[in-house]
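All ligand and atom numbering here is 1-based and tracks the order in the structure.
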Amino acid sequence: MLIKGVRLYGEGDPVDILVRDGVIAEIGPWLDAASTQELTRQEMTLEIIDADGQIALPGFVDLHTHLREPGREDTETIATGSAAAALGGYTAVFAMANTDPVADNAVIVEHVWRRGREVGLVDVHPVGAVTVGLKGEKLAELGTMARSQAGVRVFSDDGHCVSDPLIMRRALEYTKALDGVIAQHAEEPRLTVDAQAHEGERAARLGLAGWPAAAEESIVARDCLLAKQTGARLHVCHVSTAGTVDVLRWAKERGTKVSAEVTPHHLLLTDERLATYDPVNKVNPPLRTESDVQVLREALAEGVVDCVATDHAPHAPQDKDCEWSAARPGMLGLQTALSIVVETLVRPGLLDWRGVARVMSEKPAEIAGLPDQGRPLAVGEPATLTLVDPHATWTVRGSELASIAGNTPFEGMELPGVVRTTMLRGRVTVSEGKVQS
Ligand code: DOR
Ligand code: ZN
């Protein structure tokens, strides 16, 4: 396969990439002549991908995806979620544990892992629950999940906070021994009883119970102290406030092994969206203020927040098209993530395409310890990559996305950056914006 006329990381002159046996075999200008000759000798046909004007990036890695299988296959399955991921330029996703039944044991994580392999569009890595049933009371069998075929290394009770400090301490100690990481949904539950929206002027005016910034920041601070003391690795899910960025900066400066992610929706949307009362905007943690958004963008560009993760959260119409307080929190994210990053960071000049590769691919792969994702685009490396048209735009339509659910807050928006091709170890999973199953 020959990819023609692409700019690696959006830098330098266009080159051609020759892919052979799932690996990048050659990179250089005008590859056809020599390589075609060799291929003709081998009586093979050369498949050509015309990528004129496009940018090649390592395939994206999402540390935070809700695939809803098992249990809520009416909203998303491992197959439909994998398709959405591939269309978004992803080559690996981490499937959160809050399924029904919960992924808190080897049987469930192996099922998710195996189903992901069968579908084969992206590498599906199950996240293991930290506590049994996400109840926060008793540690799940982390070691058994780690030693299972799924080889779980990321553990999270996402949707719930591991709020008991002793359980969190033990979880950090065990995952350190397993060479894993705890991904914490930071939300002090005593501060968010009945919370519906960011605690501030807008929620007050609408009479919605507030979700204070300190509920996130206090848990992040506590967990950073525990991570430092245990020497374990902590990952902070969906950072949403400027105060959390301050805590992360402080913790990193004193050598804490902490990493953090921000979602595309927290990089673009604010609690101004509350005005319509449309639950498509309900998410946990909630949309915050304009100044939080600005600080999150800068923190991601600077590296205090390490990466982007989608928190892709499909929900059925009956769980979203209802009154605000009854609606479930969550938004689709896999197919819009890159475009939101281009809109909020690349266009304003905060991040170049090298930076996009860092926050969408290299850093998340490193945090999760994936050896064959987020690799450099270089000869001998796996052909796991995505080709992006940086100039094209598209209009988001929830009904046209690959997910079964349609709850996108970006409905009708025209966004920059279109994924044309996604390739997983040389296998084309998306071609001209269509899934190749
Ligand atoms: O908005 C959210 N939705 N936040 C979470 O933590 C969980 C997620 C879900 O599972 O729907
Ligand atoms: Zn969460």
Side-chain angles (χ1 to χ4, degrees), residues 62-77 81 84 93-104 112 126-131 133-134 136 154-163 168 181-189 192 195-198 211 215-216 219-220 223 234-241 244 260-267 269 271 273-274 278-288 305 307-320 322 324-334 336-337 403-410:
D62 190 16
L63 289 178
H64 196 140
T65 312
H66 295 276
L67 290 180
R68 306 301 191 212
E69 181 180 347
R72 285 307 299 263
E73 292 87 347
D74 59 318
T75 64
E76 193 79 291
T77 64
V93 301
F94 284 76
M96 275 299 172
N98 65 340
T99 46
D100 184 11
V102 171
D104 60 4
V112 171
V127 173
V130 178
T131 67
L134 311 175
V154 180
F155 297 91
S156 181
D157 271 4
D158 182 63
H160 301 266
C161 182
V162 182
S163 63
M168 186 60 181
V181 61
I182 301 277
Q184 174 73 295
H185 170 118
E187 173 182 355
E188 168 50 59
T192 58
Q196 294 292 328
H198 171 63
W211 200 129
E216 175 173 302
I219 292 290
V220 176
D223 288 353
L234 168 72
H235 177 74
V236 181
C237 295
H238 40 53
V239 172
S240 70
T241 79
T244 297
E261 68 188 35
V262 60
T263 69
H265 46 270
H266 288 112
L267 288 171
L269 307 176
D271 68 345
R273 284 277 186 121
L274 286 179
D278 184 344
V280 79
N281 298 307
K282 183 171 175 178
V283 67
N284 189 15
L287 301 178
R288 304 283 184 187
V305 169
C307 65
V308 172
T310 65
D311 199 1
H312 177 83
H315 285 298
Q318 66 269 25
D319 297 323
K320 270 307 214 186
C322 52
W324 183 280
S325 61
R328 301 225 174 138
M331 306 170 159
L332 298 187
L334 286 167
T336 42
S403 292
I404 297 171
N407 53 303
T408 172
F410 310 114

- side-chain hydrogen bond (donor to acceptor under 3.5 Å, both in side chains) test vs His66 passes for just one of Asn98, Thr310, Thr99, namely Asn98
- Item | Atom name in His185, limited to N/O/S, at shortest distance from the Zn ion (ligand 2) | ND1
- Show which atoms of ligand 1 fall inside a sub-4.0 Å distance from at least one heavy-atom site of Val283. 1 (O)
- Would you indicate whether the side-chain heavy atoms of Val130 and Gln184 approach each other to under 4.5 Å? no
- With rounding to the nearest 0.5 Å, note down the distance linking NE2 in His315 to CD in Glu76. 11.5 Å
- ligand 1 contact on His315 by region, counting heavy-atom pairs under 4.0 Å: side chain
- Query: If you measure only the distance, is there a donor-acceptor pair under 3.5 Å linking the side chains of Thr241 and Arg288?
  - Reply: no
- Item | Identity and distance of the protein heavy atom lying nearest atom 10 (O) of ligand 1 | Asn98 ND2, 2.9 Å
- Nearest 0.5 Å, what's the CD-OG distance between Glu188 and Ser163? 6.0 Å
- Item | For the Zn ion (ligand 2), the closest N/O/S atom belonging to His238 | NE2
- Query: So, Arg72 and Asp74, do they make that salt bridge, N to O below 4.0 Å?
  - Reply: yes
- Item | Heavy atom of the protein closest to atom 3 (N) of ligand 1 (residue, atom name, distance) | Pro329 O, 3.0 Å
- Message: Please classify the His185 to ligand 1 contact at 4.0 Å (heavy-atom distances, strictly less than): side chain, backbone, both or neither.
- Response: side chain
- Distance from atom 11 (O) of ligand 1 to nearest protein heavy atom, with residue and atom: Arg68 NH2, 2.8 Å
- Message: Quick test: of every protein heavy atom, which one is nearest to atom 1 (O) of ligand 1, and how far off is it to 0.1 Å?
- Response: Asn284 N, 2.9 Å
- Query: Within the structure, does Pro285 bring an N/O atom to less than 3.5 angstrom of an N/O atom in ligand 1?
  - Reply: no
- Task: For the residue pair Asp158 and His64, confirm or rule out a side-chain donor-acceptor distance under 3.5 Å.
- Result: yes
- Item | Between OG1 on residue Thr131 and CG on residue Asp157, distance to nearest 0.5 Å | 3.5 Å
- Nearest neighbour in protein (non-hydrogen) for atom 8 (C) of ligand 1: His66 NE2, 3.6 Å
- If you look at Asp158, which of its N/O/S atoms is nearest to the Zn ion (ligand 2)? OD1
